[in-house]
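Just so we're on the same page: letters track the sequence lines, and every chain starts at 1.
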There are 2 protein chains.
Amino acid sequence: MSNLETKADFFKALSHPSRLLILGLCKQKPRHTEEIAEILKLSKATVSHHLSLLATAGLLESERDQYYQNYKLQHELLERKIEEIIFEGVKGFADATDPFRAKVLRDFFKHGRLSQIPAQRKKREIVLEKIVQSFEYDRAYPESEVNQIILEFHDDFATLRRELIGLGWLHRENGMYSRVKV
Amino acid sequence: MSNLETKADFFKALSHPSRLLILGLCKQKPRHTEEIAEILKLSKATVSHHLSLLATAGLLESERDQYYQNYKLQHELLERKIEEIIFEGVKGFADATDPFRAKVLRDFFKHGRLSQIPAQRKKREIVLEKIVQSFEYDRAYPESEVNQIILEFHDDFATLRRELIGLGWLHRENGMYSRVKV
DNA sequence: GATATGATTCGATATTTGTCAAATCGGATT
DNA sequence: AATCCGATTTGACAAATATCGAATCATATC
């Protein structure tokens with residue numbers, strides 16, 4: 001449940017009356033496709049489609065029993081608060097409209113490039129935050145690509161890369177780097 | 001958040017990436033339409049549409065400030081667990097596949113009509129549950145219509161109607177009846 | 001291994017949803 | 001009261017989704 005698309009799809013799975021009914025039925029006991037189709041007066045194909053969406057969202061799991069595929073409610077996600085899901089992994093970064101932040105960015109970035117690395121920790125974090133935003137989540141980067149991306153901002157990519165790791169915004173594992181959700 | 005459609009619409013409001021982003025933006029601070037449109041690179045019209053869905057779902061509230069309409073995050077619903085919302089007001093009625101229940105229904109219903117009113121409370125509840133399912137939620141019925149519906153099952157509509165009220169499954173107000181969610 | 005049976009996938013269609021430009025609205029400013 | 005300005009609504013179109021029948025699949029059963 002990391003990126004926005006996945007979260008939206010999770011809620012999309014819950015966004016149809018039939019699918020909510022299906023969850024209710026599977027809450028009572030595991031159900032198979034035809035049984036649900038019968039109760040809801042829908043075709044098997046349609047129910048199979050709904051079940052697939054619910055299973056992909058992690059709300060149901062299925063298990064075969066003889067001829068039947070039984071779908072069982074999964075509780076983990078249902079027990080979570082809506083906001084936990086929506087804002088999970090959303091960066092706790094500063095408001096983009098913070099005036100101090102805006103001034104620091106204006107002072108240190110010239111034509112998109114970092115004119116110098118701020119000495120003050122607070123200011124350095126602001127420019128580092130800006131830089132880390134060039135990295136996507138859910139993707140691994142080789143060191144060469146990390147360097148290349150940072151080079152777009154400043155020549156001393158080694159220092160900046162080390163700082164990003166130090167702040168925990170980039171993670172290194174087996175020689176590959178990935179952006180961390182904070 | 002009573003009926004299925006409303007619940008589905010609530011989750012539908014959360015089922016688009018742009019709308020999740022909008023919630024994130026409005027979490028930081030109240031935002032107005034153009035501001036969001038600018039950040040998300042969408043037209044004002046589109047953002048207005050998204051905002052309308054989120055507000056209808058109860059996730060945002062808006063307030064005018066000078067020229068601007070500021071949208072503010074509403075926390076109540078976000079703090080609730082998913083299952084609370086999905087299963088809120090879902091009838092605690094017996095599993096339709098319960099064998100005892102099935103037997104009672106078989107014994108007392110002949111060709112869709114109640115052959116006699118069960119004397120035992122437990123059995124009576126089962127047949128009354130069956131009858132109340134002929135009523136829709138979120139609709140008011142005049143007494144004449146209530147009687148007519150119950151008449152389809154048994155001649156003694158007065159007794160059955162009184163029992164349904166007694167169980168709290170039908171509610172009477174100003175001479176009109178409505179089905180209660182239990 | 002042939003067959004029966006429930007599940008899934010495919011293909012087609014109807015409905016719903018997302019998007020934007022243009023027109024309209026409604027409160028603020030002058 | 002005339003004008004300004006952001007928000008909303010309207011109308012049109014594109015994209016995504018729901019639905020079903022038919023074809024295909026997977027696996028129990030014989």
Side-chain angles (χ1 to χ4, degrees), chain A residues 3-26 29-73 97, chain B residues 3-26 29-73 97:
Chain A
N3 66 75
L4 269 181
E5 287 290 339
T6 308
K7 293 176 185 179
D9 285 343
F10 171 76
F11 291 113
K12 204 171 295 181
L14 293 169
S15 73
H16 193 285
S18 297
R19 290 198 286 270
L20 295 181
L21 279 171
I22 289 173
L23 290 179
L25 291 171
C26 292
K29 63 167 195 176
R31 308 267 189 174
H32 61 267
T33 313
E34 281 203 316
E35 180 181 7
I36 296 171
E38 172 74 19
I39 296 174
L40 301 187
K41 309 287 182 214
L42 292 172
S43 73
K44 284 191 301 178
T46 300
V47 170
S48 190
H49 165 69
H50 287 317
L51 288 170
S52 156
L53 292 178
L54 289 167
T56 301
L59 294 161
L60 294 179
E61 283 208 354
S62 70
E63 197 178 59
R64 198 180 182 91
D65 174 36
Q66 294 186 326
Y67 284 130
Y68 304 89
Q69 196 75 22
N70 278 318
Y71 284 83
K72 189 171 185 296
L73 193 68
T97 64
Chain B
N3 65 74
L4 268 182
E5 286 290 339
T6 308
K7 292 176 185 180
D9 285 343
F10 171 76
F11 290 113
K12 205 172 294 181
L14 293 169
S15 74
H16 193 283
S18 297
R19 289 197 286 271
L20 295 181
L21 279 171
I22 289 173
L23 290 179
L25 291 171
C26 292
K29 62 168 195 178
R31 309 267 190 174
H32 61 267
T33 314
E34 280 205 316
E35 181 181 5
I36 296 171
E38 172 75 20
I39 296 175
L40 301 187
K41 309 288 182 213
L42 291 172
S43 74
K44 283 190 301 178
T46 300
V47 170
S48 190
H49 165 68
H50 287 316
L51 288 169
S52 157
L53 293 178
L54 288 167
T56 301
L59 294 161
L60 294 178
E61 282 209 353
S62 69
E63 197 178 59
R64 199 182 180 89
D65 175 35
Q66 294 188 326
Y67 284 131
Y68 304 88
Q69 196 74 21
N70 278 318
Y71 284 83
K72 189 170 184 301
L73 192 68
T97 64

Subject >> Atom-pair distance (CD1 on A/I36; C1' on C/dG6), nearest Å >> reply: 13 Å
Original post:
Does OP1 or OP2 of D/dT8 have a side-chain N or O of B/S52 closer than 4.0 Å?
Top reply: no
Original post:
How long is the gap from CG on A/N70 to CG on A/L60, to the nearest 0.5 Å?
Top reply: 11.5 Å
Original post:
Which whole-number value in Å describes the distance from A/H32 NE2 to D/dA28 P?
Top reply: 15 Å
**OP:** Ignoring backbone atoms, establish whether A/R64 has a side-chain N or O less than 4.0 Å from OP1 or OP2 of D/dA28.
**Re:** yes
**OP:** Please check the phosphate of C/dG6 (OP1 and OP2 only) for any side-chain N or O of A/T33 closer than 4.0 Å.
**Re:** no
**OP:** Would you mind reading off the distance between B/E34 atom CD and D/dT8 atom P, rounded to a whole angstrom?
**Re:** 11 Å
Check: protein-nucleotides 16-20 of chain D nitrogen or oxygen pairs below 3.5 Å:
unit_1 : atom_1 : unit_2 : atom_2 : d
D/dT17 : OP1    : A/K12  : NZ     : 2.9
D/dA18 : OP1    : A/R19  : NH1    : 3.2
D/dA18 : OP1    : A/R19  : NH2    : 3.1
D/dA18 : OP2    : A/H49  : NE2    : 3.2
D/dA18 : O3'    : A/H16  : NE2    : 3.4
D/dT19 : OP2    : A/H50  : NE2    : 2.5
D/dC20 : OP2    : A/S43  : N      : 3.0
D/dC20 : OP2    : A/S43  : OG     : 3.2
D/dC20 : OP2    : A/T46  : OG1    : 2.7

Original post:
If only side-chain N and O atoms of B/Y71 are considered, is one of them under 4.0 Å from the OP1 or OP2 phosphate oxygen of D/dT8?
Top reply: yes
Subject >> Gap between atoms CD and P, on B/Q66 and C/dT30 respectively (whole Å) >> reply: 10 Å
Original post:
From A/H50 NE2 over to A/L20 CG, what is the distance, rounded to the nearest 0.5 angstrom?
Top reply: 10.5 Å
Original post:
Which is true for B/Y67 with a 4.0 Å heavy-atom rule: it touches a base, it touches only sugar-phosphate, or it touches nothing?
Top reply: base
Subject >> Shortest non-hydrogen contact between A/L25 and A/I36, atoms and distance >> reply: CD1-CG2, 4.4 Å
Original post:
Starting at CG of B/N70 and ending at P of D/dT8, how long is that distance when rounded to a whole Å?
Top reply: 11 Å
Subject >> For the student: nearest non-hydrogen atoms of B/I22 and B/L40, plus distance >> reply: CG1-CD1, 3.7 Å
**OP:** Nearest whole angstrom, please: distance from the P of C/dG18 to the CG of B/L51.
**Re:** 13 Å
**OP:** Rounded to the nearest angstrom, tell me the gap between atom CD in B/E63 and atom P in C/dA28.
**Re:** 12 Å
Original post:
Do A/K29 and A/R31 come within less than 4.5 Å of each other through their side chains, counting heavy atoms only?
Top reply: yes
**OP:** Mind listing the closest non-hydrogen atom pair of B/R19 and B/A13 along with its distance?
**Re:** NE-O, 2.8 Å
Original post:
Separation of A/D65 atom CG from C/dG6 atom P, in whole Å?
Top reply: 13 Å
Original post:
Is A/T56 reaching over with its side chain to a backbone N or O of A/S52, donor-acceptor style, under 3.5 angstrom?
Top reply: yes
